[in-house]
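Whatever order the structure lists ligands and atoms in, that order sets their numbers, starting from 1.
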Amino acid sequence: MINLLEAFKCMSLLRIAEEELAKLFLRDKIMSFVHFYVGQEAVAVGVSNALSPTDRALGNHRSHGHYLAKGGSLRRMVCEILGKAEGCAGGKGGSMHMIARDNGFTGSTPILGSITSIAAGSAFAQKHARTQEVTVAYIGDGASEEGGFYETLNLAALFKLPLLIVVENNLYAVNSKLLDRRSANYNAGDIIRGFGVAYAKADGNDFDDVNTKATELLAGVRQGKPAVLECFVYRHMAHSAPLFDDAQGYREEDVLEQRLAHDCLKKVKDRLILEGVTEESLSQITVETRAFVATEIEYALSAPFPNPQELYSHLYA
Ligand SMILES: Cc1ncc(C[n+]2csc(CCOP(=O)(O)OP(=O)(O)O)c2C)c(N)n1
Ligand SMILES: [Mg+2]
């Protein structure tokens, strides 16, 4: 029960932080792309709760949640998104370049299919250092169609890497639907097992299911049996930018009402209430989280931009 309450707190942080960032975007305060994770929080929190602090995770273009769930600082995240010097990537990367190495969040990059091979390299290093630690790579269903994903599966099985790939299947890559438009016969499990990699699927709207399946798979991963966990989720907002995008007409089955009915945060809240936690104490958590998020955003808004000289640091050419 403690775990579920902690999960509620963490999922609320992810949700509220992004809802507030969405408002900033609409006020033209965010000058770069943002891809919000709202609706998918049970995955990042469910998987992170199955990891130890020294395990590593890597993400993609939609990784605010992965970073925060692994313990990344909200202040440094908001500073990064606003391009401020105190940002987790020095204000040079923006929303798609979350990083918190001290918390085991090794980094995120938006090039689809790139992160699985980088994560395999991390797992390779862990294996040879005999640390018993693992690496997790978060990717979307669209990224799982890239060739690099299959190459990684092959090498991970061959080298017995301590690697868990979490595929967050929200049924869309930008506005293209998985079934009919991108795949004639989608069956990720058969393909993945065909490479000799373990596979399980989870209801990504359900913290418990994600957490249980991740824990089970990670026991094998720590013994050098790489695995994929496919989590079925709904992305509540548009692909990029904060608007709800049903008006564009490309969503047929997962309409807004359905997404909200399956909302992962609502599910955790309902379970806690069933277990005897009061509505008031949950509302109190929400109020405190809102206040915390507001403070960090205020701080980031008035924080300085990087010194222009910084343009010439961290260059490799
Ligand atoms: C190699 C590459 N091709 C195209 C893009 C442009 N792009 C950014 S996100 C995205 C869709 C990703 O879909 P998915 O992997 O399902 O993740 P989701 O956005 O649904 O979380 C595309 C095509 C890219 N970033 N990298
Ligand atoms: Mg997708």
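Annotation: Gln40 places no N or O atom under 3.5 Å from an N or O atom of ligand 1; distance criterion only. At least one N or O atom of Asn170 sits closer than 3.5 Å to an N or O atom of ligand 1. Not one N or O of Val174 is nearer than 3.5 Å to an N or O of ligand 1, by distance alone. Backbone and side-chain nitrogen or oxygen atoms of Arg62 are examined, and one is located within less than 3.5 angstrom of a nitrogen or oxygen of ligand 1. The distance criterion of under 3.5 Å between nitrogen or oxygen atoms is not met by Glu146 with respect to ligand 1. At a 3.5 angstrom cut-off on N or O pairs, Pro110 counts as close to ligand 1. Checking only distances, His61 does come within under 3.5 Å of ligand 1, N or O to N or O. Checked against a 3.5 angstrom limit, the closest N/O atoms of Ile111 and ligand 1 fall outside it.
Note that atom 6 (C) of ligand 1 has no protein non-hydrogen atoms nearby, at separations under 4.0 angstrom.
At least one side-chain heavy atom of Arg62 sits under 4.5 Å from a side-chain heavy atom of His239. Put simply, the side chain of Val293 does not reach to within 4.5 Å of the side chain of Glu18, judged on heavy atoms. In this structure the side chain of Tyr199 never reaches within 4.5 angstrom of the side chain of Leu229, judged on heavy atoms. Using a 4.5 Å heavy-atom threshold, the side chains of Leu13 and Leu74 count as touching.
If you look at Glu168 next to ligand 1, there are no close heavy atoms at all, none under 4.0 Å.
Nearest heavy-atom pair, Ala137 versus Ala119, reported as atom, atom and distance to 0.1 Å: CB-CB, 3.6 Å. Closest heavy-atom contact between Ala202 and Val210: CB-CA, 4.1 Å.
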(request) Starting from the C-alpha separation in whole Å, work towards a yes-or-no answer on side-chain hydrogen bond (donor to acceptor under 3.5 Å, both in side chains) for Gln126 and Thr131. (result) CA-CA 6 Å; Gln126 286 167 323; Thr131 58; 5.2 Å; no

(message) Under the criterion side-chain hydrogen bond (donor to acceptor under 3.5 Å, both in side chains), I'd like the reasoning laid out for Ser52 against Asp55: C-alpha separation, chi angles, the key distance, then a yes or no.
(response) CA-CA 5 Å; Ser52 69; Asp55 288 330; 3.2 Å; yes

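Residue side and main chain included, Tyr172 places an N/O/S atom under 2.8 Å of the Mg ion (ligand 2). For the Mg ion (ligand 2), the set of nearby N, O or S atoms under 2.8 Å includes none belonging to Glu168.
In this structure, the protein non-hydrogen atom closest to atom 26 (N) of ligand 1 is Leu112 N, 3.1 Å. Here the heavy atom of the protein found nearest to atom 14 (P) of ligand 1 is Gly142 N, 3.4 Å.
Legend: residues meeting salt bridge (Lys or Arg N to Asp or Glu O under 4.0 Å) with Glu20, ordered by chain and number and at least two apart, are Lys23, Arg290.
Atom OD1 is the N/O/S atom of Asp141 found closest to the Mg ion (ligand 2).
Note that Arg259 lies outside the cation-pi zone of Tyr234, set by a 6.0 Å cut-off to the ring centre and a 45° limit from the axis. Cation-pi geometry between Lys127 and Phe159 is not met: the NZ or CZ atom fails to fall both under 6.0 Å from the ring centre and inside 45° of the normal.
For ligand 1, the atoms sitting less than 4.0 Å from at least one non-hydrogen atom of His239 are 9 (S), 10 (C), 11 (C), 19 (O), numbered in the order shown with element in parentheses. Those atoms of ligand 1 with a heavy atom of Ala143 less than 4.0 angstrom away are 15 (O).
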